[in-house]
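Worksheet for the structure shown next.
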Number of protein chains: 2
Amino acid sequence: MSRAKDKNPIPSVWTREQRRTDQPALSRDAIVREAIAMLDAEGIEALSMRKLGARLNAGATSLYRHVATKDELMELAVDEVAAEIHVPPAGDPDWRAAVTEAAGSFRTTALRHPWLTLVLGQAGLAYLGPNYMSFSERLAALFTAAGFPEPSRAIDAVFSYVIGMSTTEAAWLTTVARSGETEAEFVARLLPTAQQVSAGYDHLAAAGPETSAEATDPAKLRDDKFAYGLEVVLDGLALRLPK
Amino acid sequence: MSRAKDKNPIPSVWTREQRRTDQPALSRDAIVREAIAMLDAEGIEALSMRKLGARLNAGATSLYRHVATKDELMELAVDEVAAEIHVPPAGDPDWRAAVTEAAGSFRTTALRHPWLTLVLGQAGLAYLGPNYMSFSERLAALFTAAGFPEPSRAIDAVFSYVIGMSTTEAAWLTTVARSGETEAEFVARLLPTAQQVSAGYDHLAAAGPETSAEATDPAKLRDDKFAYGLEVVLDGLALRLPK
DNA sequence: CCCCTGTGCGTACAGTGTTCGCATCGAAGG
DNA sequence: CCTTCGATGCGAACACTGTACGCACAGGGG
């Protein structure tokens, strides 16, 4: 909220606003929270420092008192969101269920914040904040307790798959969201052209999208696809468990 | 090359340049090729329409005669680069070797053009150009010939892993390149702080970066890590082959 | 009372993608 | 040969972007 209103062309002590106790002021946490809200609602390219400042009843440059740069703000947002990922505590004898839970939690978090994978692809997941560190730590505990001789290699294998699939899904959902349609509508509208394009490719047409008229829920199809690939990776990892 | 030089303030028929036969003019292919060269050399955020135009001895807005928008240009660049990915022809009885070759080719292409995964994450790999289509077609042929009952699911499993690992590696290499150091130097400089940070996390410290003084070639470590995860996925897939 | 430190913000700069209308070209048609 | 025309290049302009700088003000401690 600006101190001198535009409607009062003559600045004076009396026209000045009394206080600004209406909002809990401007803090780093509030900025990060609002940035995440904007990113979720309008996408990554809609976030600008000016719009973010306006949302917080502040000027654009005021944000720089609490955040060094926009890139740093994005890193803070990533770490904030990383806290949402749930990793079961180590000790569960059913390690596959625990890893499945962690992988699924990563995926739903990435789909809830479709900009996450984009930022990860730019910054890499090295050197990151406390929430990301504790996420990694809990994963390491989980895989170590499961008995893997090289936990970090196993983690990399599983989560490379999870990141790759989540990235693809997030990009797809972003495209769908931009169309303004539901996923089912979008698929229905795209199906004829997709079949037409893949008509010239024998094996793509054979293995391609189901031509069956029974249009299954696309979200369920994605769930199944993710689960299938995850089972593949876990089966491969199970072969490497000692004993 | 501008038609009226700045050094001749009075435009006239005589001061005008004769011809512009020095370059093969401006074509969509030339634009895409030069864009890829710029992207490889200076990174994704260094590519602007003005700089690209300048490199081609053209004005920025001239590019728009051949390319509708910058996003379209990026899609063209992605498809151009997709032609570099080598997929062995279907028929080789050793399907693991063939898939390993295709996966490795994707990875090296993604690392040679570190902006690839970023654009893929934004656009998704649906609906793409001819080179990407034939890449997918050849993959489908390969996995079908290998005998997989659901080739698309197997492809998604393998290449989600490949994409995830390549994205992470590309981000890492981009960070290294920005530092101006070699990968080994960068690792050496980062190691003390990495150990210090992970000191508070028991399992991370245990499973973390090797403290051994014998500094192996980081590139080889990455190669091994990629190969390990790929073997994991292929082992899991092999269990799903009939018979 | 004064000063000092922290916070907000108006202005400005260099850069971005893209649109528009004008200038100019090579080729086609009479 | 002259004219017309569609294709191509481009300068100027618009609406933005991230960010540096310096001033204005607040509250608190000496």
Side-chain angles (χ1 to χ4, degrees), chain A residues 1-6 8-9 11-31 34-35 38-39 42-77 122, chain B residues 1-6 8-9 11-31 34-35 38-39 42-77 122:
Chain A
M1 195 156 295
S2 61
R3 215 155 285 147
K5 282 193 173 179
D6 300 329
N8 296 315
S12 137
V13 200
W14 312 112
T15 62
R16 203 177 294 139
E17 292 182 13
Q18 296 273 67
R19 301 238 169 208
R20 54 196 159 84
T21 53
D22 44 1
Q23 291 295 350
L26 214 48
S27 77
R28 165 178 283 211
D29 281 337
I31 292 175
E34 196 66 29
M38 272 193 80
L39 286 167
E42 315 192 35
I44 198 174
E45 75 283 353
L47 177 69
S48 80
M49 298 302 269
R50 283 179 237 265
K51 289 182 198 161
L52 180 57
R55 269 225 201 193
L56 290 159
N57 291 338
T61 62
S62 306
L63 307 175
Y64 285 88
R65 293 284 174 195
H66 307 268
V67 152
T69 186
K70 192 190 178 184
D71 286 348
E72 182 185 301
L73 172 60
M74 297 303 288
E75 284 188 36
L76 291 172
Q122 280 170 20
Chain B
M1 192 156 296
S2 60
R3 219 153 283 147
K5 283 193 170 178
D6 300 326
N8 295 315
S12 138
V13 198
W14 311 111
T15 61
R16 203 177 295 140
E17 291 182 12
Q18 296 273 66
R19 301 234 171 211
R20 56 198 157 84
T21 53
D22 44 1
Q23 291 294 349
L26 214 49
S27 78
R28 164 179 283 210
D29 280 338
I31 293 175
E34 196 65 30
M38 272 193 80
L39 286 167
E42 315 192 35
I44 198 174
E45 74 283 353
L47 177 68
S48 80
M49 298 303 269
R50 283 180 237 266
K51 288 183 199 162
L52 180 57
R55 269 227 201 192
L56 290 160
N57 290 339
T61 63
S62 307
L63 308 175
Y64 285 89
R65 292 284 173 192
H66 307 268
V67 153
T69 187
K70 192 189 180 184
D71 287 348
E72 182 186 301
L73 172 60
M74 297 303 287
E75 284 189 35
L76 290 171
Q122 280 171 19

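Each chain gets a letter, A, B and so on, in the order its sequence line appears, and its residues count up from 1.
- Side-chain contact check for A:L76 versus A:I31: every heavy-atom pair is 4.5 Å or farther apart.
- For residues 53-64 of chain A, the pairs satisfying salt bridge (Lys or Arg N to Asp or Glu O under 4.0 Å) are A:E34-A:R55, A:E42-A:R55, with sequence neighbours left out.
- In this structure A:R50 satisfies the side chain to side chain contact (heavy atoms under 4.5 Å, CB included) test together with A:S48, A:A60, sequence neighbours excluded.
- Legend: residues meeting side chain to side chain donor-acceptor pair (under 3.5 Å) with B:E45, ordered by chain and number and at least two apart, are absent.
- Counting heavy atoms from C-beta on, the side chains of A:L73 and A:L52 come closer than 4.5 Å.
- Between the CD atom of A:E72 and the P atom of D:dG18 there is a distance of 15 Å, rounded to whole Å.
- Scanning residues 43-51 of chain B for heavy-atom distances under 4.0 Å to DNA chain D yields B:R50.
- Atoms CG (A:L73) and P (D:dT17) sit 15 Å apart, rounded to a whole Å.
- Separating the CZ atom of A:R55 from the P atom of C:dG8 is a distance of 19 Å, rounded to the nearest angstrom.
- Here the closest non-hydrogen pair linking B:H66 and B:L26 is CE1-O, 3.0 Å.
- In this structure, B:L26 atom CG and C:dT24 atom C1' are separated by 16 Å, rounded to whole Å.
- Residues from residues 64-71 of chain B lying near DNA chain D, meaning a heavy-atom separation below 4.0 Å, are B:R65, B:H66 in numerical order.
- For the atom pair A:L47 CG and A:K70 NZ, the distance stands at 5.0 Å (nearest 0.5 Å).
- In this structure, the side chain to side chain contact (heavy atoms under 4.5 Å, CB included) partners of B:D71, at least two apart in sequence or on a different chain, are B:T69.
- In this structure, the nucleotide among D:dG9, C:dT18, D:dC21 sitting nearest to the side chain of B:T61 is C:dT18.
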